[in-house]
Novice: 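Before I ask anything, here is the structure I am working with.
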There are 2 protein chains.
Amino acid sequence: MNEVFQALSDPTRREILRLLRQRDMSAGEIAECFPLANSTLSGHFKILKHSGLIVSERSGTTIVYSLKVSAFEGMLAAVMELFEVDKEPKESKK
Amino acid sequence: MNEVFQALSDPTRREILRLLRQRDMSAGEIAECFPLANSTLSGHFKILKHSGLIVSERSGTTIVYSLKVSAFEGMLAAVMELFEVDKEPKESKK
DNA sequence: GTGTTATTTCGTTAATTGGCGAAATAACGA
DNA sequence: TCGTTATTTCGCCAATTAACGAAATAACAC
């Protein structure tokens, strides 16, 4: 889970996720959306993959990335656990 | 929102939030739960405060920290927006 | 095989981060 | 006022991070 929070801490990586939310995209397509070197984006893909938030599949000479929604569910659960969502009220206000 | 993701990216800070989920605590009480210098924890408090996830109130000579749940709601919404939660299905699987 | 395109890996660098101890600040009680 | 306690701020340092360009890899077409 640490890897997921880590992956989400960078704005560029969150934007990559936002792009993939709309449709699967190749590394090159994603790279065109940023003013960054391909190698830089590749590094971000690696981190996102390692966190489990995206998966890749080679299609000929291109590599297509896509969101892995199941990883998100775990993430959501962790965030909710972090706060008191789904717990009894705390009764501390005033 | 960037500050929130940034704040959540560190394990120590997430643990601080987890502690505060149970009850409000002073800086010293929180610090006792970690093998870190007080000054280090104070830095974490500062980041968490800046992100809006916690608030502080001085009580005599101690400073009491508490969770700010409303900030979490924004965070949750951002995470859900990041993924396709609450959107129509994507129709891409197989 | 050679060449082309798409992508990643490698090595470097500058900026950020998390840690520390020491000094500063704040509030209290004597 | 002078201590004492609680906490933060201030350098400082080591480790991590995000960026780059150049070189390496992979798949294809010829």
Side-chain angles (χ1 to χ4, degrees), chain A residues 1-20 22-68 75 82 92, chain B residues 1-20 22-68 75 82 92:
Chain A
M1 190 48 56
N2 199 5
E3 287 84 1
V4 177
F5 282 106
Q6 195 60 36
L8 289 176
S9 71
D10 182 85
T12 299
R13 288 194 288 270
R14 291 200 302 276
E15 187 58 32
I16 293 172
L17 295 173
R18 216 168 263 120
L19 288 170
L20 292 178
Q22 304 172 50
R23 64 181 180 85
D24 297 354
M25 293 171 83
S26 70
E29 286 178 312
I30 298 173
E32 281 174 6
C33 303
F34 297 90
L36 300 173
N38 285 359
S39 58
T40 301
L41 268 301
S42 186
H44 286 307
F45 300 153
K46 194 175 186 176
I47 291 170
L48 285 168
K49 246 182 98 168
H50 184 243
S51 77
L53 290 171
I54 68 175
V55 293
S56 67
E57 191 176 4
R58 179 174 282 276
S59 165
T61 144
T62 75
I63 296 185
V64 176
Y65 285 101
S66 48
L67 265 196
K68 187 141 167 239
M75 159 68 191
L82 214 47
S92 71
Chain B
M1 190 47 55
N2 198 5
E3 286 84 2
V4 177
F5 282 106
Q6 195 60 36
L8 289 175
S9 70
D10 182 85
T12 298
R13 287 193 288 270
R14 291 200 302 277
E15 187 58 32
I16 292 171
L17 294 173
R18 216 168 265 119
L19 289 171
L20 290 179
Q22 304 172 51
R23 62 179 180 90
D24 297 353
M25 292 173 83
S26 71
E29 285 178 313
I30 298 173
E32 280 174 7
C33 302
F34 297 90
L36 301 173
N38 284 0
S39 57
T40 301
L41 268 300
S42 184
H44 286 308
F45 299 153
K46 193 175 186 176
I47 291 170
L48 285 168
K49 245 181 98 168
H50 183 241
S51 76
L53 290 171
I54 68 175
V55 293
S56 67
E57 191 177 4
R58 179 174 282 276
S59 165
T61 143
T62 76
I63 295 185
V64 176
Y65 285 100
S66 49
L67 265 194
K68 186 139 167 241
M75 158 68 191
L82 214 48
S92 70

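Chain naming here is simple, since letters A, B, ... match the order of the sequence lines and numbering starts at 1 in each. Worth knowing before you read on, the calculation uses all heavy atoms, side chains too, and leaves out hydrogens, waters and symmetry mates. Everything numeric in this text was worked out from a predicted model, so none of it was measured.
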Novice: Let me know, please, whether B/Gly28 or A/Pro35 comes out on the 5' side of the other along DNA chain D by nearest nucleotide.
Specialist: B/Gly28

Novice: Any side-chain N or O of A/Ser26 less than 4.0 Å from the OP1 or OP2 oxygen of C/dT7?
Specialist: yes

Novice: Under the side-chain contact (heavy atoms from CB on, under 4.5 Å) test, which residues partner B/Arg18, sequence neighbours left out?
Specialist: A/Glu81, A/Leu82, B/Glu15

Novice: In whole Å, I'd like the distance from the CD atom of B/Glu29 to the P atom of D/dT5.
Specialist: 17 Å

Novice: side-chain contact (heavy atoms from CB on, under 4.5 Å) with B/Glu32: which residues, sequence neighbours excluded?
Specialist: none

Novice: Give me the distances for all protein-to-nucleotides 12-17 of chain D N/O pairs that come in under 3.5 Å?
Specialist:
none

Novice: Just jot down the side-chain hydrogen bond (donor to acceptor under 3.5 Å, both in side chains) partners of B/Lys49, sequence neighbours excluded, or say none.
Specialist: B/Ser56

Novice: Is there a side-chain contact between A/His44 and the phosphate of D/dA19, meaning an N or O under 4.0 Å from OP1 or OP2?
Specialist: yes

Novice: If only atom types and distance count, is the side chain of B/Arg14 paired as donor or acceptor with the main-chain N or O of B/Leu8 below 3.5 Å?
Specialist: yes

Novice: By salt bridge (charged side-chain N to carboxylate O under 4.0 Å, His left out), which residues pair with A/Glu3, not counting sequence neighbours?
Specialist: none

Novice: Sequence neighbours excluded, which residues qualify as side-chain contact (heavy atoms from CB on, under 4.5 Å) partners of A/Ser42?
Specialist: none

Novice: For B/Asn2 and D/dA18, give me the distance from atom CG to atom C1', rounded to whole Å.
Specialist: 14 Å

Novice: State which residues pass side-chain contact (heavy atoms from CB on, under 4.5 Å) with B/Asn38; sequence neighbours excluded, sorted by chain then number.
Specialist: B/Ala31

Novice: Scan residues 37-68 of chain A for pairs that pass ring pair (Phe, Tyr, Trp, His ring centres under 6.0 Å), counting only residues two or more places apart or in two chains.
Specialist: A/Phe45-A/Tyr65

Novice: Between C/dT17 atom P and B/Leu36 atom CG, what is the distance in whole Å?
Specialist: 18 Å

Novice: For A/Ile16 and C/dT7, what is the distance between atoms CD1 and P respectively, to the nearest whole Å?
Specialist: 13 Å

Novice: What is the per-nucleotide protein-contact pattern of nucleotides 8-13 of chain C, from the 5' end, where B denotes a base atom under 4.0 Å from a protein heavy atom, S denotes such proximity for sugar-phosphate atoms only, and - denotes neither?
Specialist: BB----

